[in-house]
Participant: 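Structure below; questions to follow.
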Amino acid sequence: TTTYRVTAATADGLTMTSPLVVTKGWAIFSFYEGTVANFAPCSTIPWSYDAAGQPAEARTMATDVARGLARLSRLTGLRFVRTAPSADASLRFDWQNLGSGGPSGMGGTDGSVTFNNRDWWPHDSHAGFGTPGGVPGRGWLVIHEVMHVLGFDHVADRTQVMNPLAYQHHFGRGDLEGLRTVYPKAGCRG
C-alpha cells in the first residue's frame, strides 16, 4: 500500500488534509472518512434486518445476510450480532425502490445497506453463494455492500468482489488483503 496526503484549499485560505491509501486490488474510503476502518478490530457489531418493502420473491434474504456476515466474521474477527429492527444497530439492512434499472443494493459508511426491491438479483432464485444461472448468488451482493459499510470502496480490478460490475462469486486476493489489513483478526476472541 501507499499512503498519500491530499490537501484541498479554497480561494479564501481554508484547507483540508486527508489520507488517501492506494492499494492494488482494494481501496478504502479514507479520502471521505478520514479513517481506514469504520469499526475497531475485533469489535462486536449489532445488525438489524427490516423486511418492510421486501418483495415476496426475496423471503429468505435475511438468511443470506446472516451467512454473508458469518463469512466476513471468519476473515476479520468482527462479531456480528443480530438485533431487532427497532434496536440501535450499527449495521442496518432494509429494502427500498432503487428503480428497475438501479443498483441491486447500496451500502454506505453510515452503516446502512439497502436492497433494491425492483431488481432481480436479491430474489430467492439467486439465493446463496453459488452461481445460479451463471450469476453469483446474492450472498455476494450482501458481502459487497457490507464491505462498503466496513469502509471499502469500489476497485477497477474485475477479479475482486469490490468491482461494481464484475459480479464475482469468491473473494479476490485484493479483497482478502484489504480485509486482513484493515480488520486484522489476530488477538480476537473466537
Side-chain angles (χ1 to χ4, degrees), residues 26-30 32-33 35-40 43-129 135-155 160-172 175-176 178-179 182-183:
W26 63 278
I28 57 172
F29 284 123
S30 65
Y32 300 106
E33 300 300 318
T35 62
V36 174
N38 283 349
F39 301 97
S43 62
T44 298
I45 302 168
W47 68 276
S48 66
Y49 184 88
D50 184 352
Q54 174 180 291
E57 300 86 8
R59 282 187 294 272
T60 63
M61 178 58 116
T63 300
D64 281 341
V65 167
R67 291 174 61 206
L69 294 175
R71 285 179 182 229
L72 288 167
S73 181
R74 284 190 296 273
L75 291 170
T76 64
L78 296 170
R79 292 188 56 226
F80 298 94
V81 178
R82 189 169 183 176
T83 64
S86 61
D88 186 28
S90 300
L91 175 56
R92 299 166 312 282
F93 296 89
D94 68 7
W95 291 85
Q96 292 181 29
N97 178 351
L98 302 176
S100 59
S104 301
M106 293 174 45
T109 56
D110 64 349
S112 65
V113 172
T114 299
F115 299 114
N116 188 350
N117 60 18
R118 298 290 186 257
D119 190 65
W120 56 270
W121 196 7
H123 288 182
D124 289 342
S125 59
H126 291 85
F129 291 83
V135 176
R138 69 176 177 206
W140 292 105
L141 167 64
V142 170
I143 286 176
H144 176 96
E145 301 307 341
V146 171
M147 285 182 67
H148 281 313
V149 173
L150 296 178
F152 294 92
D153 202 351
H154 288 142
V155 297
Q160 309 305 315
V161 167
M162 291 312 294
N163 181 284
L165 304 172
Y167 300 122
Q168 289 301 318
H169 63 283
H170 56 81
F171 288 104
D175 297 317
L176 294 171
L179 287 166
V182 177
Y183 294 101

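Just so you know, residue 1 is the first one in the sequence shown, and it goes up from there.
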Participant: Is Trp26 close to Val161 at the side-chain level, that is, under 4.5 Å between some pair of heavy atoms?
Facilitator: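 The answer is no, as the side chains (C-beta and beyond) never meet within the 4.5 Å cut-off.
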Participant: Is any side-chain heavy atom of His148 less than 4.5 Å from a side-chain heavy atom of Met162?
Facilitator: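 They are in side-chain contact.
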Participant: Side chains of Phe152 and Gln160: does their closest heavy-atom pair fall under 4.5 Å?
Facilitator: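 In short, these two side chains do not touch, never coming nearer than 4.5 Å.
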Participant: With rounding to the nearest 0.5 angstrom, report the CG to CG distance, Leu176 to Leu75.
Facilitator: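 With rounding to 0.5 Å, CG (Leu176) is 6.0 Å from CG (Leu75).
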Participant: Hey, does the side chain of Tyr183 reach the backbone of Leu150 with a donor-acceptor pair shorter than 3.5 angstrom?
Facilitator: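 Yes, Tyr183 side chain to Leu150 backbone: donor-acceptor pair under 3.5 Å.
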Participant: Cationic tip of Arg71 within the cone over Phe129's six-membered ring, i.e. under 6.0 Å and within 45° of the normal?
Facilitator: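 Yes, a cation-pi geometry holds between Arg71 and Phe129.
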Participant: When the ring planes of Tyr167 and Trp120 are compared, do they come out parallel, tilted or perpendicular, using 30° and 60° as the limits?
Facilitator: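 Plane angle over 60°, so perpendicular.
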Participant: Is there a side-chain contact between Val65 and Arg82, using heavy atoms and a 4.5 Å cut-off?
Facilitator: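 No, too far: nothing below the 4.5 Å cut-off.
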Participant: Count the heavy atoms belonging to other residues, nucleotides or ligands that lie under 6.0 Å from NE2 of His169, then report whether that count exceeds 12.
Facilitator: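 At most 12 heavy atoms, drawn from other residues, nucleotides or ligands, come within 6.0 Å of this atom.
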Participant: Is there side-chain contact between Asp124 and Arg59, with heavy atoms separated by less than 4.5 Å?
Facilitator: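 Asp124 vs Arg59: side chains touch.
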Participant: Where is the tightest heavy-atom contact between Ala84 and Ser48, given as atom of each residue plus distance?
Facilitator: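 Shortest heavy-atom contact: O-CB, 3.6 Å.
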Participant: Between Glu145 (side chain only) and Gly107 (backbone N and O only), is there a donor and an acceptor less than 3.5 Å apart?
Facilitator: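 Yes; at least one donor-acceptor contact below 3.5 Å.
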Participant: Under a 3.5 Å distance rule, please check whether Trp121 uses its side chain to pair with a backbone N or O of Pro136 as donor and acceptor.
Facilitator: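 Indeed, once roles are kept as given, a pair shorter than 3.5 Å links the two residues.
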Participant: Could you give the distance from CZ (Arg67) to OG1 (Thr60), rounded to the nearest 0.5 Å?
Facilitator: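 It is 9.5 Å, given to the nearest 0.5 Å.
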Participant: Can you tell me how far the OG atom of Ser100 sits from the CG atom of Asn117, to the nearest 0.5 Å?
Facilitator: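 Answer rounded to 0.5 Å: 11.0 Å.
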Participant: Grab the two heavy atoms, one from Tyr49 and one from Pro85, that are nearest each other, plus how far apart they are.
Facilitator: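 Shortest heavy-atom separation between Tyr49 and Pro85 comes out as O-CG, 3.2 Å.
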Participant: Which pair of non-hydrogen atoms, one from Pro122 and one from Ser104, has the smallest distance, and what is that distance?
Facilitator: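 Smallest interatomic distance, heavy atoms only, reads CG-O, 3.7 Å.
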Participant: Which heavy atom of Asp110 sits nearest a heavy atom of Ser112, and at what distance?
Facilitator: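 Taking Asp110 first and Ser112 second, the nearest heavy atoms are OD1-OG, 2.7 Å.
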Participant: Give me the atom names and distance for the closest heavy-atom approach of Ala27 to Val155.
Facilitator: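 Shortest heavy-atom separation between Ala27 and Val155 comes out as N-CG1, 3.7 Å.
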Participant: Under 30°, 30 to 60°, or over 60°: which ring-plane class applies to Trp47 and Phe93, parallel, tilted or perpendicular?
Facilitator: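 Ring orientation of Trp47 relative to Phe93: perpendicular.
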Participant: Got more than 12 heavy atoms from elsewhere within 6.0 Å of CG, Asp88?
Facilitator: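 Check fails, neighbour count at 12 or below.
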Participant: Is there a side-chain contact between His144 and His154, using heavy atoms and a 4.5 Å cut-off?
Facilitator: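 The answer is yes; the side chains approach within 4.5 Å.
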Participant: Could you grab the distance from atom CG of Asp64 to atom CD1 of Ile143, nearest 0.5 Å is fine?
Facilitator: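 So the CG of Asp64 and the CD1 of Ile143 are separated by 9.5 Å.
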Participant: Given 3.5 Å as the limit, does a donor-acceptor pair link the side chain of Asn116 with the main chain of Gly99, or not?
Facilitator: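 A pair under 3.5 Å: yes.
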Participant: Distance from Met106 atom CE to Asp94 atom CG, nearest 0.5 Å?
Facilitator: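 Interatomic distance, Met106 CE to Asp94 CG, rounded to 0.5 Å: 10.0 Å.
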Participant: I'd like to check Thr76 versus Phe39 (side-chain heavy atoms, cut-off strictly below 4.5 Å). Are they in contact?
Facilitator: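 No, side chains not in contact.
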Participant: Looking at CZ of Arg138 and CG of Asp119, how far apart are the two atoms once the value is rounded to the nearest 0.5 Å?
Facilitator: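 So the gap between those two atoms works out to 12.0 Å.
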Participant: Does the side-chain contact (heavy atoms from CB on, under 4.5 Å) test come out yes or no for Leu69 and Leu91, once each step is laid out?
Facilitator: CA-CA 11 Å; Leu69 294 175; Leu91 175 56; 3.8 Å; yes
Participant: Side chains of Ser43 and Leu78, heavy atoms from C-beta outward: is any pair under 4.5 Å?
Facilitator: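 Ser43 vs Leu78: side chains touch.
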